[in-house]
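Notes to accompany the following structure.
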There are 2 protein chains.
Amino acid sequence: MSVGLREVAARAGVSVRTVSNVANGFAHVAPDTRRRVQQAIDELGYRPNSNARQLRRGRTETVSLVVPEIDTPYFAELASLTVRIAEERGWTVHIDQTDGDPDRERRMVAGPVGRSVDGVLCSPWAVSSEELSRLRTGPVVVLGERRAASGLDHVAIDNVAAGVTATAHLLSLGRRRVAAIGAQPHLHNGTARLRLDGYRSALREAGVPVAEGLVARVQTLHRPDGASAMARLLDSGEQVDGVFCFTDELALGAMRTLAERGLRVPEDVAVVGFDDIVDGRWSVPALTTISPDKAQIARMALDCLAARIADPAAPDRDLVAAHRLLVRETASG
Amino acid sequence: MSVGLREVAARAGVSVRTVSNVANGFAHVAPDTRRRVQQAIDELGYRPNSNARQLRRGRTETVSLVVPEIDTPYFAELASLTVRIAEERGWTVHIDQTDGDPDRERRMVAGPVGRSVDGVLCSPWAVSSEELSRLRTGPVVVLGERRAASGLDHVAIDNVAAGVTATAHLLSLGRRRVAAIGAQPHLHNGTARLRLDGYRSALREAGVPVAEGLVARVQTLHRPDGASAMARLLDSGEQVDGVFCFTDELALGAMRTLAERGLRVPEDVAVVGFDDIVDGRWSVPALTTISPDKAQIARMALDCLAARIADPAAPDRDLVAAHRLLVRETASG
DNA sequence: TCGTTGCATTGCAACGTTGCAAACTAGAGG
DNA sequence: CCTCTAGTTTGCAACGTTGCAATGCAACGA
């Protein structure tokens, strides 16, 4: 049957507690005893029962990462990095998927924290930080910019600045009819809003009139939305010589529409994306994009969560990770 | 502090056991008692401690999914589907990442099974099924074709048949210099080998000589490998008018090289990929590919694992999921 | 009246581990 | 020889939950 400390102890002729000491590498175990116990452990193939250990210790060394989708390149990369970096501190990551469903988001933040996981990293779409803050029962760090004092720690890049950079880059190439694809007025998560603010601000700064007809809304941030948004823009009769897409996926979708319409990228229409997903590095032409430092985001978030776990009462923080413009083929001059 | 059954029981004026009965929805609880207990549960915000529950019950209702990479489109999609489908049966999925490291693969299969998880779905790269079978300490289902009696359950598509289909499709378009990109003679996982067998077999069947110079090896299955393999093929002086890539990622990399060399797809070189990842649906031109039924793979694997958990002694099974050729732009006539 | 039945509720023990504090051992010093 | 100290080892209880078996209770039929 199951091999526990009990069985190992019997075999090695020591107490259960001593086996525990050896298994945990405690000091003050006689070398000879350690050897004997270790041998028994190996022979019986003892593996500690993490449930029992966690129950006793009160900590799980596990955090959960709550994202809308795990099969989306951005989140997949972020998840992968988070898992790797968490491993460095001996943490396990439990990845959860909400599909952007508000109830799921609420459940994931309210439910397991402090029970099966020590803390949560949450990237919300449909629920505001304020509400999450009310629901939470343990340490929570939000991935995404803080828009007001919310009672939760936040980690994000400066989306407004990034929006400015992306748009300004298109303007610097001489484009004057720069569209934006990705407005999401229906979402609680304000990321799209911030990028749009950056877009508008860059136009104003350059003295280029902001044409509302050049701002395309989308339901989600995936390729089909980008493709249809691009089609709508072109069909609307607006002149377009540049597009700032709020995600690379939107940009790749838009590029497909442009190709289908016989428009050349970047000659006829320059494109800038956002996220720096792998696909953009390999598209033809390669996608110019805003590259958030995802590893830094993951690391900051985990550090922040660790600090929050250590001191639940500390004032909440608003951390900003780095980003940079990556000039590739779809928008270069 | 922590709210357990004890606290709820005290508040509701019943025994701990009764609270447990209510929390688990057992029959034989008086309506009035149930109401009172439920109210106490709500007021105190009681949430069961899953560690304690699992320790006591001996089951975790959790399975782990062990894949080489979670930020690779194929595995990300598979993981997402697995999580969703597992949810239907009330299971939680713990996603683990091995980076194709043999020691990690061994650890993930040997370690947690029967402890923190009830079973494992493993997609091995570096370790053979036979070895995994020896190491395992609980129910394990391998994602990937079985090459010999291994002592483990397997779920996969018929890679040889798929390789034949892909290659035959290129031949049917009149291509006679069909290359293959993706041979991986260094890996223990035999998938590439099987697809290569299919490729050769289709050529033979069509009476087209198999030129070994047209088979390109790769280290990994990602875009850069596809790009450099394509470059090597073109530089080698071999005539090429069609390529069967063993993954879509390889194909997308190859397409980038073709574009850089000024070769048109599909006019000059037709391309067929494998996996049907989202990126291929949106590339320009859109990628013709072999589409494995990933949802079916996930479902079969979970069903199979459930059966294995229910009866650890049952003979091992070899399940075959469906696949089909998806003709898009890179190879159509 | 008394056992019988069936529902409702309960106490006890145990899952495998670790914190705590006590107990033991051997060698050093008085 | 005894005490002290430092180094080892141990027993007990508890983490929060559920399985088991027993108990209490009311209504029932004989």
Side-chain angles (χ1 to χ4, degrees), chain A residues 1-38 40-41 44-62 90 111-118 137-138, chain B residues 1-38 40-41 44-62 90 111-118 137-138:
Chain A
M1 267 301 298
S2 169
V3 181
L5 291 177
R6 205 192 320 281
E7 286 72 20
V8 178
R11 170 140 192 156
V14 295
S15 77
V16 171
R17 200 60 184 75
T18 299
V19 181
S20 172
N21 286 338
V22 172
N24 288 291
F26 284 177
H28 299 318
V29 176
D32 181 56
T33 310
R34 164 160 282 134
R35 212 185 29 70
R36 221 167 62 249
V37 171
Q38 189 59 54
I41 287 177
L44 294 175
Y46 165 76
R47 289 162 306 130
N49 181 317
S50 50
N51 272 317
R53 171 174 289 178
Q54 288 166 14
L55 173 60
R56 186 63 248 240
R57 289 188 178 164
R59 279 171 304 106
T60 62
E61 310 291 337
T62 298
V113 200
R115 292 303 192 162
S116 49
V117 302
D118 295 339
T137 57
Chain B
M1 267 302 297
S2 169
V3 180
L5 291 177
R6 204 192 321 281
E7 285 73 20
V8 179
R11 170 141 191 155
V14 296
S15 78
V16 171
R17 200 60 184 78
T18 299
V19 180
S20 173
N21 287 338
V22 172
N24 289 291
F26 285 178
H28 300 317
V29 176
D32 180 57
T33 310
R34 165 160 281 138
R35 213 184 30 70
R36 223 168 60 251
V37 171
Q38 189 60 54
I41 287 178
L44 294 175
Y46 166 76
R47 287 162 305 132
N49 181 317
S50 48
N51 274 315
R53 172 174 290 177
Q54 288 166 14
L55 173 61
R56 186 63 248 246
R57 289 190 180 163
R59 277 170 307 105
T60 63
E61 310 291 338
T62 298
V113 201
R115 292 301 192 161
S116 49
V117 302
D118 295 339
T137 57

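Every chain is numbered from 1 and lettered A, B, ... according to where its sequence line falls, protein lines coming before strand lines. Predicted, not measured: the structure shown is a model, and the values here were computed from it.
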Please determine, for the side chain of [X], which listed nucleotide ([options]) has the closest atom?
X	options	value
A/L55	C/dT9, D/dT17, C/dG16	C/dG16
B/L5	C/dC7, D/dT18, D/dG16	D/dT18
B/N21	D/dG16, D/dT10, C/dT10	C/dT10
B/T33	D/dT8, C/dA8, D/dT17	C/dA8

The reported gap from CG in B/N51 to OG1 in B/T60 (rounded to nearest 0.5 angstrom) is 10.5 Å
OP1 or OP2 of [N] sitting under 4.0 Å from any side-chain N/O of [X]?
X	N	value
B/S20	D/dT17	no
B/T18	C/dT9	no
A/R47	C/dG16	no

Answer yes or no: side-chain N or O of [X] and base N or O of [N] forming a donor-acceptor pair under 3.5 Å.
X	N	result
A/R56	C/dT17	no
B/R53	D/dT17	no
B/R17	D/dG19	yes

Assert: residue with more 5' nearest nucleotide on DNA chain C, out of B/R57 and B/V29, is B/V29
Result for 5'-nearest mapping on DNA chain C, choosing between B/A52 and B/S15, is B/S15
Closest non-hydrogen atoms of B/T62 and B/S116, given as atom of the first, atom of the second and distance, are CB-O, 4.2 Å
To the nearest angstrom, the CZ-P distance between B/R6 and D/dT17 comes to 9 Å
